[in-house]
Amino acid sequence: MTESQYINVTPHPRILGVLGDIEFSHWQCLAELIDNSFDEFQAAAGTVDRPSVAVSLPPANSQRATAEIKVQDNGRGMSLEAVTNAISAGWTSNGRHGSLGLFGMGFNISTARLGRCTTVRTSRAGDPDWIEVTLDLTRIANSAEYQAPYRLMPKASRDEHGTTVTISELKQEQYATLCRPQTQTVIREKLGDVYSYLLAEKGFLLTLNSKKVRPRLPCVWDEKRTVTRQGVEIHAVQRVDRVLSTKNACMACGYWSTADAERCEECGQDRLELRERRIWGWIGIQRYLHRTDYGLDFLRNGRKIMLKDKRAFYWEDEDGIAEAELEYPIDSGAVPMGRIVGEIHCDHVTPNYQKTAFEFDTAEWRHALREVRGTSPLRPKIAKNLGLPENRSPLALLYAGFRRQDPGLNYLIPGDGRNALHETAAKWAGLMRKGGYEYQTDEVWYRAAHQHDNPIAVDPQPENDDILPGFGAGLLDLDDEPEDGAATGATSMTATGQEPPEGEVAPAETLDQRLQRYRDNADLIVDLTGPYYLEELGRVDLTAWAVRGQNLVTKDERPAPAIVSMVRAPHLDVFVDTGHSLFREHGADLRDLALVEVAEFMRVRANIVSMPLSEIVAQLKSHTSSPRLTPAATAEESERLLEQVRMAMVAPVSANPAVHWLLLTKDERADAERRFAVEAGGTSPWNDTISSGEFIRYVPASAVIRIVQDSPESFLDGCVFKRGYIALSDPGARALVVERLINPLGDLALLEQHRPRLDVEELSRIRISCRLIARDLADNA
C-alpha cells in the first residue's frame, strides 16, 4: 500500500445519536455532567467562591414537550475553542490521569441518552458575551455533517461566568422515569454517596431541584475506641497511607512506565508525565451491622468509583487457581451481616469507561487491594495451614478485633442486656445522617454497648438523684420506701413475682427486684428508648419497656398501666403493661401513655407544673425515632418494609426463579426492569438478575402480593413470614392465614404505588399494617 491510499474512517454523524444507546443509568448520566464541573472546580484550585452545581429535573406535573434537564455551575466558564472541544465526541482536555472526566465521550453519551437536543451556554469572567451552542442530534444525523450552530448573547455584566447544559426533547422512557419523585429521591441519595468526599471535605455544593444534596457520611466508631485481642489493642479505625514510587503516566493510554522511560512502554507514545502515586484513606468499624450496607469505597480524584465493595473480603490465592473464598462476614449466623467500611483513595488506578469499577487486571489495582487486605487469608489458622505468613494488614487487624457480633463492649455492639440492638443501632445511624445532634458522635452507641455489660441496678448510695434541690429523691414517692428497701405490700410475693408456698414466709421483694422482674418479662420499645433533652425540663436517658404478664404497681402498691422509675439520674425507666384493659379493651396507644408518664415526671422534677402536659408530650414525641404519622413518613415506612419483604423473598424465589418470573404480567416485568435500571446502576446484567431470582427486589408491590398469594408455602412458616401454613390441613384455615397477611400488605402496596391522599385515620390504619408486617417478618424474630 502506498502512502496515497487511504480508507476514510470518519464516522457518520448519526453516531452521536447512537451513543445514547450505551447503557448508562440516570444518575450516571447526570454524574458525567457533574464530573466536568467538579473537574473545573479542582483545576481552579479555590479561585471560585463556593463551587456550586445546580441540577434541575422535570417535575411530576411537567409536560414532556417542554420538559428540560439542566446542569448549571458557577465555574470559570469556557472559551469558544474550549466549548467546541467539550462537545466534540472523543475529544478531551483531560489526560488519562488527574481528572474525573476520562475519555471525552461522557458528555456525548449522557446527553444523547437523555434527550435529542442539548444546549451549552458558557462564558468566562471578563468576556462580553455568553456563547450558546446547540447540539441537535436529529438535524445533525440528517445533514450528514458534524455542524452545531452557536450564537453570542450579550451579558448583563462582564463579571458573570459559568456553564449551563440544558437537555430538551427528552426521550419518552427517560422523561417518564426522571420526573417521578421517587426516582429523584434515589438519584439525590446516590449523588450524595458518590460525591460525599468532595461535598464534605472540599466544600462543593450540589443541589437537585433546589434541594441540597447531602453527603452520605460514614457512621463509624471513633478512632479512640478499641478492643483488645491477645494483648493487642485494636483501634476501630485503621489508617492507610502508602506513598508509591514516582512513575511516568502515559496521557494517551494510561499505562504507567518507569520514571526514566522516554516513551510509553505500552503504546510507544511520548506523552509522558512524571507523577506521584499514593494509596491513602481509612477502613473502620461501622456503628451498626447490615446485610448489604457495608464494604469499602474506592475513590479516584475524590469521586467514588466503587461503593460498598466487598472484594477485599474474599481471599484468592495469587495463582488464581482456587475459587475466591469469602472470609467476612462468616460469623453472622443464618443471615450474614457486616460492618467493616472504608474510604480508599487511589487516584493513579484507571477506572472503566462507566466509572463503576477499576481495571482489575492492572498492577496498580492489585497493589491498592494488597495495601488494604494483604495477601494471606484473614483467618490466621487457614493462613498457618497453608504455610502463609500471618496477615498484618489493616483489614486483618479489624477482622481479628471485630469479626464477631456479640453485644457489649467486647465487640462494640449496642445491646439491651439480653440481645444485640442491630435495628436500633441502624435507626440511630439514620438520625445521625439526618443531622440529629445527639448522634453525631458515637456516644449513644457506646452507652448502649456499655449498658449491655452493665445493666441498670439500684445504687445503694445514690448520687445526684435529688429531684429538686433540698427535696431529695423521694419527691415523686407517694410514700417513702421502707428502710430495708422492701416495697410496701410486696411481702406476699417472692422476688420472682410468684405466690410463696403455703406455710412459708417469702422474703420481701425489694424495689430493685420488682423492676428487674418487669424487665425480665418485657420487650424493649426501641423507638422510645434514647436520650431526651428539653430546654426547660432537662435531660433523661429513657429506656422504655413493654411488659407482658405482670401487673404494674407503683411504689405504694397502687396498680397502674404505666409507671416510671429513675434509679440513677439521668437514667429513667418507663414500664407499660401491655395486658392492661386501657390498651387491650380501650385501644389506647401505649407509646403515648408512656410519654405522658415521662412528661409528668420531668414536669414535677423541674417544678414547672404550670407547663401544659400535652405540650411536653408533644416535645418528647418529636424526639422519638417513631415514624411520624404523615403521608411522607408513612410512605417511607411502607417502602422500607416492602423492601425488607422483597429482600427476604430472594432466597425462596431463587429456588425456582422461572416459576415466579412467569407469574408476572408484561407490565410488571417492564416495571421491574425499569426499577432495576434506576437502582442497580448497571452493575450486573438484567438476565442474570432474572435467573438468580434477584428480580423479585424490583417487582411492583402488587406483584409481591400476588406471588405470595399464589405460592404461600414458599414464603410462610418462617421463610419470609412467621405465620404457620403447611401444618394446617383445612383449606379454609389456610386461606384465612394468607388473607390475614395479604390485607396489611395491600395497605403498604397502596401507599407505595399510588400515594393516595389519606386522612389521619387512614394513615393510622396503614401504620398498624406496617407494625403487623414488621411483627410478622421472620427476620425480626
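This one's a predicted model, so the numbers in the text were calculated from it and none came from an experiment.
- When all heavy atoms of Val737 and Gly724 are compared, the pair lying nearest together is CG1-O, 3.7 Å.
- The 12-atom threshold is exceeded at CD of Glu639, counting heavy atoms of other residues, nucleotides or ligands nearer than 6.0 Å.
- The ring of Tyr195 has its center closer than 6.0 angstrom to the ring center of Phe38.
- Taking 4.5 Å as the limit, every side-chain heavy atom of Arg433 sits out of range of all side-chain heavy atoms of Arg214.
- Salt bridge Glu643/Arg675: present, at least one basic N to carboxylate O contact under 4.0 Å.
- Two residues are said to be in side-chain contact when any heavy atoms from C-beta on lie closer than 4.5 Å; Val704 and Arg646 meet this criterion.
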Given the rule in the salt bridge (charged side-chain N to carboxylate O under 4.0 Å, His left out) test, do Glu762 and Arg765 qualify, once you have shown the distances and angles that lead to the verdict? CA-CA 5 Å; Glu762 290 173 308; Arg765 189 192 71 197; 5.7 Å; no
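- Looking at Pro58 and Glu68, their side chains never come closer than 4.5 Å, going by heavy atoms from C-beta outward.
- At a threshold of 4.0 Å, the pair Asp136-Arg116 does not count as salt-bridged, since none of the basic side-chain nitrogens sits closer than that to a carboxylate oxygen.
- From Ile696, atom CD1 reaches atom CG of Leu664 across 6.5 Å, with rounding to the nearest 0.5 Å.
- Using the six-membered ring where Trp is involved, Phe676 and Trp686 have ring planes that are tilted, between 30° and 60° apart.
- A donor atom on one side chain and an acceptor atom on the other are found under 3.5 Å apart for Thr356 and Asn352.
- In this model, a donor atom of one side chain and an acceptor atom of the other lie less than 3.5 Å apart for Tyr175 and Ser62.
- Of the charged side-chain nitrogens involved, none lies within less than 4.0 Å of a carboxylate oxygen, so that Asp293 and Arg339 do not count as a salt-bridged pair.
- The heavy-atom pair separating Asp747 from Ser769 by the smallest distance is OD2-OG, 2.6 Å.
- Side chains of Gln184 and Asn209: a donor on one and an acceptor on the other come within 3.5 Å.
- What you find for Leu299 and Glu343 is that their closest heavy atoms are CD1-CG, 3.3 Å.
- Between the side chains of Gln644 and Arg640, at least one donor N or O lies within less than 3.5 Å of an accepting N or O.
- The side-chain heavy atoms of Val213 and Glu189, taken from C-beta on, include no pair separated by under 4.5 Å.
- A distance-only check finds a donor-acceptor pair linking the side chain of Lys310 to the backbone of Thr292 [under 3.5 Å].
- Taking 4.5 Å as the limit, some side-chain heavy atom of Arg139 sits within range of a side-chain heavy atom of Pro149.
- If you check the side chains of Glu637 and Thr634, you find no donor sitting under 3.5 Å from an acceptor.
- Between Asp717 and Arg723 there is no salt bridge, since none of the side-chain N atoms of the basic residue sits less than 4.0 Å from a carboxylate O of the acidic one.
- With a 4.5 Å cut-off on side-chain heavy atoms, Ser110 and Leu33 count as touching.
- Residues Tyr294 and Lys308 share a closest heavy-atom pair of O-CB, 3.2 Å.
- Arg740 CZ: 12 or fewer foreign heavy atoms inside a 6.0 Å radius.
- Side-chain contact check for Val186 versus Trp27: every heavy-atom pair is 4.5 Å or farther apart.
- Within the 4.5 Å cutoff, the side chain of Pro336 has no heavy atoms near those of the Ile330 side chain.
- At a threshold of 4.0 Å, the pair Lys355-Glu32 counts as salt-bridged, since one of the basic side-chain nitrogens sits closer than that to a carboxylate oxygen.
- For an aromatic pair to be called close, the ring centres must be under 6.0 Å apart, and Trp661 with Phe695 satisfies this.
- Without hydrogens or angle criteria, Arg113 side chain to Phe24 main chain gives a donor-acceptor distance under 3.5 Å.
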